[in-house]
There are 2 protein chains.
Amino acid sequence: MIKYAKQSRFIQAVDCIVFGFDGDTLKILLIQRGFEPEKGKWSLMGGFVQENESIDQASNRILKQLTGLDGMYLEQLHTFGDPHRDPMERTVSTAYFALIDILKYEKQLNTDYHPEWFSLKRMPKLIFDQQEMVELAKRRVRYKAALHPILFELLPSRFTIPQLQSLYESVYNTSIDKRNFSKRILATGLLIKQADKDKSGSRRGAFYYQLNMQNYYAKFQAFLNLIPNPTNLIF
Amino acid sequence: MIKYAKQSRFIQAVDCIVFGFDGDTLKILLIQRGFEPEKGKWSLMGGFVQENESIDQASNRILKQLTGLDGMYLEQLHTFGDPHRDPMERTVSTAYFALIDILKYEKQLNTDYHPEWFSLKRMPKLIFDQQEMVELAKRRVRYKAALHPILFELLPSRFTIPQLQSLYESVYNTSIDKRNFSKRILATGLLIKQADKDKSGSRRGAFYYQLNMQNYYAKFQAFLNLIPNPTNLIF
DNA sequence: ACAAAAGTGTTTTAATTACACCCATGC
DNA sequence: GCATGGGTGTAATTAAAACACTTTTGT
């Protein structure tokens, strides 16, 4: 095949920022890097794009290989292309972020590469420019979650409104009035009330809800009001 | 230098979608591709990332080389990595979009590569997956402009409120009540009224305004209400 | 009977929408 | 003097925010 002459060719990498929620704290999944340079250091789930796969496919494959996880929400974040970001060799990396329910994927999580969940507040230093990737991913999640119902991806398929509220509160590091929160959330038409309750959090129990998937897909791209005072947010 | 063994290396490209406004219509800048494959076909401003530059730098360089334009608003859009997107050779392309005032850059526009402005409604077919890039860029601009004051990048430094309104109307393909529009826009605190008027559009003339750059940078990342009924928008 | 979390309704305030007339000017 | 686009104010409506008490139930 004729090829583009005299052009440089680079390694194309993918790095995945996996956010998880365990019902209490927002966490990030890290592994110990399996090869040089920086072998053994805490790192994002990363790898190289192969000849026969798209970068979207590569991100899914790499996540699956390193953690056993698949089928989760995964979105392209940004491409990092500083010529010196990887000291070994020029590497362009496209970062993706994923959102999962830690408990749901607990059994699926493959421990070959010793993945660990870290609280966002107590993360180790990461290699290369991965700290920057994580900062951008955090901002993107906060930004997007103010308008779109992505945080449901962090919860089990059945969840309670108090659980949902505590998730929003931890993402925005704020406290929200529960009367207004439940009004706002129910007004989206995204939730279907279940007949039974989660009794683990209180004596009285809180009703379970499930997503109305029809409405979820239909309204996903629209602007929803999911948090108080969105106009005052700066990212 | 030791390198990553046995990994594929790909061409890394950049494609730029340049949106421009001439006071009347929202347009896109295209050139006739200067090399094979698809030589002579209408195309985005594209090129290859070099050894010594970041992809952000490459996007600026390529725009400058092909059009003479620099210093405009330029933002990374998305990275396209389908293995067959370029039939010649596996190429990963990072798309950027730019926003400029067509008239302001008219003199700076270099015609070596025969760039032409096309109305978004009457665009020729583009090569590879560039149509998809343009669609995504249009959606991104509409999305972002509903919340952030990016459309000012399409206007001269001095502009009138009717001009601004007609820009919003053409981006959202709608008509907006002028009383509400001017209230909304002035309420942002982004505009400084000038003493003189633009007499070109009417006998009476419309006052010029300029951006308050302090407030512009300060509020750029915040959520602003710039269009009516943002909650009803679907992108 | 009481502690602990769930659930709910109303008032107040703020934001958004709808709507119509006068103004300035060049011809 | 009239046609053309520019500029402005107010009332009505809707959405968001503030706020407190009752319910359930395990101990």
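Just so we're on the same page: letters track the sequence lines, and every chain starts at 1. These numbers come from a predicted model, not from an experiment.
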Grab the [atom1]-[atom2] distance between [X] and [N] for me, whole Å please.
{"X": "Phe223(A)", "N": "dA16(D)", "atom1": "CZ", "atom2": "P", "answer": "14 Å"}
{"X": "Phe207(A)", "N": "dT8(C)", "atom1": "CZ", "atom2": "C1'", "answer": "13 Å"}
{"X": "Lys199(A)", "N": "dT27(D)", "atom1": "NZ", "atom2": "P", "answer": "10 Å"}
{"X": "Ile176(B)", "N": "dG7(D)", "atom1": "CD1", "atom2": "C1'", "answer": "17 Å"}
{"X": "Leu224(B)", "N": "dA15(C)", "atom1": "CG", "atom2": "P", "answer": "13 Å"}
{"X": "Asp198(A)", "N": "dG26(D)", "atom1": "CG", "atom2": "C1'", "answer": "15 Å"}
{"X": "Ile227(B)", "N": "dT16(C)", "atom1": "CD1", "atom2": "P", "answer": "12 Å"}
{"X": "Asn180(B)", "N": "dA11(D)", "atom1": "CG", "atom2": "P", "answer": "15 Å"}

Ignoring hydrogens and angles, answer whether the base of [N] and the side-chain atoms of [X] contain a donor-acceptor pair closer than 3.5 Å.
{"X": "Lys178(B)", "N": "dG7(D)", "answer": "yes"}
{"X": "Arg204(B)", "N": "dA24(C)", "answer": "no"}
{"X": "Arg179(B)", "N": "dA20(C)", "answer": "yes"}
{"X": "Lys183(A)", "N": "dT10(C)", "answer": "yes"}
{"X": "Arg203(A)", "N": "dT24(D)", "answer": "no"}
{"X": "Asp177(A)", "N": "dA17(D)", "answer": "no"}

Query - Sidechain N-carboxylate O distance under 4.0 Å for Asp196(B), Arg158(B) - result: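 Arg158(B) and Asp196(B): salt-bridged.
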**Report entry** Note: Arg61(B)-Asp70(B) ion pair, threshold 4.0 Å (strictly below)
**Finding:**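 No, Arg61(B) and Asp70(B) are not salt-bridged.
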Does [N] have its OP1 or OP2 closer than 4.0 Å to a side-chain nitrogen or oxygen of [X]?
{"X": "Arg184(B)", "N": "dA15(C)", "result": "no"}
{"X": "Asn225(A)", "N": "dA16(D)", "result": "yes"}
{"X": "Asn229(A)", "N": "dA17(D)", "result": "yes"}

Requested in this report: Identify whether any heavy atom of Lys197(B) sits under 4.0 Å from a base atom; if not, whether one sits that close to sugar-phosphate; answer base, sugar-phosphate or nothing.
Outcome: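 Counting heavy atoms under 4.0 Å across all strands, no contact is made by Lys197(B).
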Requested in this report: List for me each residue that meets salt bridge (charged side-chain N to carboxylate O under 4.0 Å, His left out) alongside Arg85(B), sequence neighbours excluded, and say none if there are none.
Outcome: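 Arg85(B): salt bridge (charged side-chain N to carboxylate O under 4.0 Å, His left out) contacts with Asp15(B), Asp129(B).
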Query raised in the report: Parallel, tilted or perpendicular: which fits the ring planes of His78(A) and Phe80(A), with parallel below 30° and perpendicular above 60°?
Result: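 If you compare the ring of His78(A) with that of Phe80(A), the planes turn out perpendicular.
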Report task. State whether the number of non-hydrogen atoms from other residues, nucleotides or ligands found under 6.0 Å of Lys138(A) atom NZ is greater than 12. Result ->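 Enclosed.
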Report task. Kindly indicate whether a cation-pi arrangement holds for Arg139(B) with Phe235(B), taking the cut-offs as under 6.0 Å to the six-membered ring centre and within 45° of the axis. Result ->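 No, Arg139(B) does not lie over the aromatic ring of Phe235(B).
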Report task. Assess the pair Tyr143(A) and His148(B): is the distance between their ring centroids shorter than 6.0 Å? Result ->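 So the answer is yes for these two rings.
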Report task. Give, ordered by number, those residues of residues 158-173 of chain A having at least one heavy-atom distance below 4.0 Å to an atom of DNA chain D; if nothing qualifies, reply none. Result ->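 Correct list: empty, so none.
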Query raised in the report: For Ile127(B) and Lys41(B), which heavy atoms make the closest approach, and how far apart are they?
Result: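 Smallest heavy-atom distance, with atoms named: CG2-CB, 3.6 Å.
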Query raised in the report: Which comes earlier along DNA chain C counting from the 5' end, the contact point of Gly205(B) or that of Pro230(B), where each point is its nearest nucleotide?
Result: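 Final value for this comparison: Pro230(B).
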